[in-house]
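What follows is a set of notes on a single structure, which appears directly below.
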Amino acid sequence: MIHPNTAASPLVIALEGPCYAGKTTLAAALARTLCATVAPDYAAVAPLPPFPPHGHGDVRAALCHFLGLERHRAAYARAAARPIVLCDRSPLTLISYEIGMAALGVPHDPALAVAMFSAALDDGTILAPDAYLYLTVTPPMAAARRAARGPVADHLSDLRVQRAINAADRFYLDQIHPSRRLVLDGATPLPKLVTQATAFIADLQQHRPPGRIPGWHTLLPTTTSPVAAIPAEVR
């Protein structure tokens with residue numbers, strides 16, 4: 001359920017979307033506008049695990065690393081004691097990433113990712129998103145921003161991976177009630193994005209819509225899952 005707008009139980013907003021969509025920029029701008037704490041992107045907290053994983057042990061070790069970072073971010077946000085927390089990426093990123101790695105044929109385990117982060121959510125050591133802000137970006141815009149800001153890891157720029165991750169993200173978002181998700185065009189000027197996102201967050205605080213965010217287990221392979229929907233040539 002939506003938490004009351006208090007420092008003890010902050011409203012948690014996960015900012016998600018592809019690389020170069022503008023999540024970090026929007027989070028920083030919103031933090032200046034709202035009384036909010038930003039839980040920074042994982043890569044800003046610690047170095048990312050080496051790629052590629054050479055076996056399931058490497059996959060597990062990487063997920064344990066990210067779980068530790070997620071717990072660290074939760075502790076940081078709670079210590080800040082502000083009424084709103086903006087998570088620059090969330091476990092959705094990490095689960096969708098495991099799904100995306102299937103496109104490259106490297107070791108991956110979305111089921112383990114779901115199990116680990118769901119258990120941490122249940123024991124209260126990580127933050128539960130109350131809503132999602134999702135930024136989209138066109139390939140030309142992403143390429144322009146990549147040229148200006150510098151590249152991410154090569155495997156994250158692989159179109160097969162991007163398609164798989166985006167399919168998983170959108171599959172999950174489609175299951176969330178519209179009052180708890182907002183999809184924004186990352187090419188929109190920042191002031192307008194801030195206005196749109198601020199209005200969305202204010203509405204959440206005021207009305208506290210019913211229902212729950214679906215569990216991440218809905219992303220696991222089924223006949224209707226994003227994994228099943230990835231064409232064989234892309235997998």
Side-chain angles (χ1 to χ4, degrees), residues 12-27 39 41-43 48 62-63 66 69-70 73 86-104 106 108-118 121 126-139 141-142 145-146 152-153 155-188 193 196-197 200 211-231 234-235:
V12 180
I13 310 295
L15 280 76
E16 289 284 1
C19 296
Y20 304 109
K23 299 176 294 298
T24 300
T25 301
L26 178 58
D41 181 274
Y42 304 112
L48 300 181
L63 288 172
F66 283 117
L69 296 184
E70 190 64 27
R73 297 200 315 165
L86 305 168
C87 295
D88 189 348
R89 296 196 177 277
S90 71
L92 175 60
T93 282
L94 306 172
I95 295 165
S96 294
Y97 173 87
E98 291 299 314
I99 292 172
M101 290 305 98
L104 295 183
V106 301
H108 61 283
D109 195 340
L112 178 61
V114 167
M116 290 175 64
F117 290 103
S118 296
L121 199 63
I126 67 174
L127 296 172
D130 293 304
Y132 285 82
L133 284 173
Y134 191 89
L135 279 80
T136 64
V137 65
T138 63
M141 177 65 74
R145 290 176 175 176
R146 176 188 171 104
V152 296
H155 66 284
L156 294 176
S157 298
D158 188 296
L159 289 179
R160 297 168 297 171
V161 171
Q162 291 178 358
R163 290 191 199 105
I165 289 176
N166 291 345
D169 286 348
R170 297 309 290 266
F171 177 86
Y172 183 72
L173 287 174
D174 284 347
Q175 301 176 68
I176 300 175
H177 191 275
S179 62
R180 291 173 177 265
R181 57 171 165 83
L182 178 64
V183 178
L184 297 170
D185 181 353
T188 302
L193 285 176
Q196 292 171 333
F200 172 72
R212 290 189 169 189
I213 298 288
W216 295 310
H217 67 277
T218 59
L219 282 162
L220 295 179
T222 68
T223 55
T224 57
S225 76
V227 173
I230 299 170
V234 173
R235 292 190 225 170

Rounded distance (nearest 0.5 Å) linking atom [atom1] of [X] with atom [atom2] of [Y]:
X    : Y    : atom1 : atom2 : answer
L92  : I176 : CG    : CD1   : 7.5 Å
L173 : R180 : CG    : CZ    : 13.5 Å
L133 : L86  : CG    : CG    : 8.0 Å
T25  : L193 : OG1   : CG    : 10.0 Å
I213 : D130 : CD1   : CG    : 7.0 Å
L104 : D158 : CG    : CG    : 5.0 Å

Might you point out which heavy atoms bring [X] and [Y] nearest each other, and give the distance in Å?
X    : Y    : result
S96  : A168 : OG-CB, 3.6 Å
L182 : A197 : CD2-CA, 4.3 Å
L63  : E98  : CD2-OE2, 4.1 Å
I95  : A113 : CG1-CB, 3.9 Å
W216 : I126 : CH2-CD1, 4.3 Å
C19  : A142 : O-CB, 4.5 Å

Donor-acceptor contact below 3.5 Å, side chain [X] vs main chain [Y]:
X    : Y    : answer
R145 : A21  : yes
E16  : Y134 : no
Q162 : L156 : yes
K23  : R89  : no
R73  : L127 : no

| said: If we check side chain to side chain contact (heavy atoms under 4.5 Å, CB included) with T136, which of these qualifies: D185, D169, T188? | reply: D185
| query | Below 4.5 Å, heavy atoms only, C-beta onward: do S157 and V152 meet side chain to side chain? | reply | yes
| Is there side-chain contact between F66 and L48, with heavy atoms separated by less than 4.5 Å? | yes
| message | Could you walk me through whether V183 and R170 satisfy the side-chain contact (heavy atoms from CB on, under 4.5 Å) test, starting with their C-alpha distance in whole Å, then the side-chain angles of each, then the deciding distance to 0.1 Å, before giving a yes or no? | response | CA-CA 10 Å; V183 178; R170 297 309 290 266; 4.3 Å; yes
| task | Would you check, one step at a time, whether the test side-chain contact (heavy atoms from CB on, under 4.5 Å) holds for Y42 with E70? | result | CA-CA 8 Å; Y42 304 112; E70 190 64 27; 2.6 Å; yes
| request: Applying ring pair (Phe, Tyr, Trp, His ring centres under 6.0 Å), name anything that partners Y132, two or more places apart in sequence or on another chain. | output: Y172
